[in-house]
Amino acid sequence: MNANEEKILRENIRQMIRFVKQKRATQAQLDEQKLRGIIQKLIEIEELKEALPDDKPTPNKSTGINVLEDLLKKIIPQLEIDFRQLTTSDEQRKSFRAHILNAVINTLTPTTVNTQAGDVAAEEEVEELAEEVDIEIGAEDDEKFIDIRTDAEKAEEEEEEETDPKEEFGAGVQGADETGRNVAFQSFNKVEGPIIDAYELLSNEEDQELFYDYLIANLKLYFDKFESELATTVEEPTNQAYETAKEEETAAGEEAPAAGEEEGGVEELDLELQEVIVWEV
């Protein structure tokens with residue numbers, strides 16, 4: 001093999017080596033891009049899982065708390081919407097809060113029926129008395145009754161008998177803002193059903209007590225949260241150095257115009273006198 005052939009062979013070998021290296025680099029780049037795509041898809045899947053609600057949340061130890069958690073998810077968004085409408089004054093929101101809490105307490109406070117023998121006896125006595133009255137009066141006597149009231153008196157008595165449901169709803173909360181009461185009345189009508197349904201699921205006394213206590217506590221905490229988010233004025237922090245500098249600047253600003261006005265007043269008076277003298281001459 002002569003020198004020329006050897007040179008050509010070496011050049012061919014170099015080209016083959018470059019080709020192999022380039023091919024390997026291209027393949028490595030493709031593999032890296034493919035790997036990056038797989039990793040990106042895994043990240044997106046994890047983010048999607050985090051965004052989706054947990055279908056199987058970890059249950060609490062108490063059935064009452066589990067039921068309450070589901071209830072809060074239903075009623076808190078509605079209460080928040082209505083609460084945030086009251087922006088004229090904090091008295092409206094305080095009234096809304098007080099009436100909602102009072103209504104929940106009145107709704108869930110267990111009523112004792114026939115818990116004592118005296119109550120049973122009293123109830124039986126009332127029933128017997130009612131039966132005697134019915135027997136003595138009878139339907140025939142009712143037909144003989146002559147109503148001597150005027151139409152105005154009848155209308156007035158009917159108006160007195162009719163009670164405003166909002167006033168009945170607000171019983172027990174004295175001196176509260178009526179706008180807050182009215183909005184609370186409307187709002188409670190939307191959440192009363194779910195509250196009663198959730199409470200009636202529980203027959204265990206311990207579950208009922210936990211449900212009741214934690215419901216009142218959570219309502220108060222959520223109202224506190226809504227109120228803090230609605231706060232529009234925040235006191236700006238300050239220090240003594242700032243206050244001192246501000247006082248000095250204010251004092252200097254008040255003195256400067258006074259001196260200027262005095263000097264300016266004299267100059268203007270001199271000019272006016274000169275104009276008068278020239279005019280008279």
Side-chain angles (χ1 to χ4, degrees), residues 48-115 119 162-232:
L48 182 61
K49 287 182 179 179
E50 293 178 358
L52 292 175
D54 189 0
D55 295 334
K56 297 180 180 179
T58 303
N60 296 282
K61 293 182 179 180
S62 168
T63 302
I65 300 300
N66 292 330
V67 173
L68 175 61
E69 185 177 351
D70 290 338
L71 173 66
L72 292 176
K73 293 176 182 178
K74 298 176 183 177
I75 67 174
I76 292 299
Q78 181 61 55
L79 292 175
E80 181 179 6
I81 292 173
D82 297 334
F83 183 87
R84 288 179 176 275
Q85 291 179 349
L86 302 170
T87 54
T88 299
S89 68
D90 58 348
E91 294 300 326
Q92 293 180 346
R93 296 190 294 275
K94 289 179 181 178
S95 175
F96 178 93
R97 170 182 179 143
H99 280 94
I100 290 294
L101 292 171
N102 184 62
V104 172
I105 291 173
N106 291 336
T107 301
L108 297 185
T109 298
T111 58
T112 57
V113 180
N114 298 333
T115 56
D119 295 338
E162 293 179 358
T163 58
D164 186 355
K166 295 185 181 66
E167 293 182 358
E168 186 177 355
F169 172 78
V173 183
Q174 303 298 329
D177 181 87
E178 289 190 5
T179 299
R181 180 203 66 183
N182 296 340
V183 176
F185 172 77
Q186 185 180 33
S187 183
F188 187 72
N189 286 336
K190 302 173 186 176
V191 300
E192 181 182 12
I195 292 175
I196 295 175
D197 293 341
Y199 187 75
E200 288 181 347
L201 290 175
L202 307 172
S203 59
N204 182 278
E205 184 176 351
E206 182 180 355
D207 286 331
Q208 291 177 346
E209 291 179 357
L210 284 174
F211 179 94
Y212 177 85
D213 292 339
Y214 276 76
L215 173 58
I216 300 300
N218 275 272
L219 287 175
K220 290 183 177 181
L221 291 171
Y222 273 106
F223 284 139
D224 289 342
K225 177 177 179 292
F226 301 154
E227 183 64 33
S228 64
E229 292 174 351
L230 280 175
T232 56

Check step by step if side-chain contact (heavy atoms from CB on, under 4.5 Å) holds for Thr179 and Phe96. CA-CA 8 Å; Thr179 299; Phe96 178 93; over 6 Å; no
Determine, step by step, whether Arg97 and Asp90 satisfy the salt bridge (charged side-chain N to carboxylate O under 4.0 Å, His left out) criterion, reporting the C-alpha distance in whole Å, the side-chain angles of both residues, the deciding distance to 0.1 Å, and the verdict. CA-CA 10 Å; Arg97 170 182 179 143; Asp90 58 348; over 6 Å; no
As an exercise, state the distance from [atom1] of [X] to [atom2] of [Y], rounded to the nearest 0.5 Å.
{"X": "Ile196", "Y": "Leu108", "atom1": "CD1", "atom2": "CG", "answer": "7.5 Å"}
{"X": "Asp224", "Y": "Glu229", "atom1": "CG", "atom2": "CD", "answer": "11.0 Å"}
{"X": "Glu80", "Y": "Lys225", "atom1": "CD", "atom2": "NZ", "answer": "6.0 Å"}
{"X": "Glu168", "Y": "Phe185", "atom1": "CD", "atom2": "CZ", "answer": "9.0 Å"}
{"X": "Asn182", "Y": "Lys166", "atom1": "CG", "atom2": "NZ", "answer": "5.5 Å"}
{"X": "Ile216", "Y": "Asp213", "atom1": "CD1", "atom2": "CG", "answer": "8.5 Å"}

Would you indicate whether the side-chain heavy atoms of [Y] and [X] approach each other to under 4.5 Å?
{"X": "Thr87", "Y": "Gln92", "value": "no"}
{"X": "Arg84", "Y": "Leu230", "value": "yes"}
{"X": "Leu79", "Y": "Ser187", "value": "yes"}

What are the two closest heavy atoms between [X] and [Y], and how far apart are they?
{"X": "Ala171", "Y": "Asn102", "result": "O-ND2, 3.2 Å"}
{"X": "Ile100", "Y": "Ala184", "result": "CD1-O, 3.5 Å"}
{"X": "Leu86", "Y": "Gly180", "result": "CD1-CA, 4.2 Å"}
{"X": "Pro194", "Y": "Val191", "result": "CD-O, 3.3 Å"}

Yes or no on side-chain contact (heavy atoms from CB on, under 4.5 Å) for Phe83 and Val183, after CA distance, side-chain angles and deciding distance? CA-CA 8 Å; Phe83 183 87; Val183 176; over 6 Å; no
For the residue pair His99 and Phe169, does the interplanar ring angle fall in the parallel (under 30°), tilted (30 to 60°) or perpendicular (over 60°) class?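 His99 vs Phe169 ring planes: parallel.
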Parallel, tilted or perpendicular, judged at 30° and 60°: which one describes the rings of Tyr199 and Phe211?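 Because their plane-to-plane angle lies in the 30° to 60° range, the rings of Tyr199 and Phe211 count as tilted.
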Kindly check if the number of other-residue, nucleotide or ligand heavy atoms within 6.0 Å of [atom1] ([X]) is above 12?
{"X": "Phe226", "atom1": "CZ", "result": "yes"}
{"X": "Gln78", "atom1": "CD", "result": "yes"}
{"X": "Lys220", "atom1": "NZ", "result": "no"}

Solution key, residues 203-210 side-chain donor-acceptor pairs under 3.5 Å, sequence neighbours excluded:
from, atom 1, to, atom 2, distance (Å)
Asn204, OD1, Glu206, N, 2.9
Asn204, OD1, Asp207, N, 3.1
Asp207, OD1, Ser62, OG, 3.2
Asp207, OD1, Gly64, N, 3.3
Gln208, NE2, Leu202, O, 2.9

Residues in salt bridge (charged side-chain N to carboxylate O under 4.0 Å, His left out) contact with Glu227, at least two apart in sequence or another chain: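 Per chain and number, Glu227 pairs via salt bridge (charged side-chain N to carboxylate O under 4.0 Å, His left out) with Arg93.
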Determine yes or no for a side-chain-to-main-chain donor-acceptor pair under 3.5 angstrom, with Ser95 supplying the side chain and Arg181 the backbone.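 Checking the backbone N and O of Arg181 against the side chain of Ser95, a donor-acceptor pair under 3.5 Å is found.
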Non-neighbouring partners of Tyr212 that pass ring pair (Phe, Tyr, Trp, His ring centres under 6.0 Å), sequence neighbours left out: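 With neighbours one apart ignored, the set is empty.
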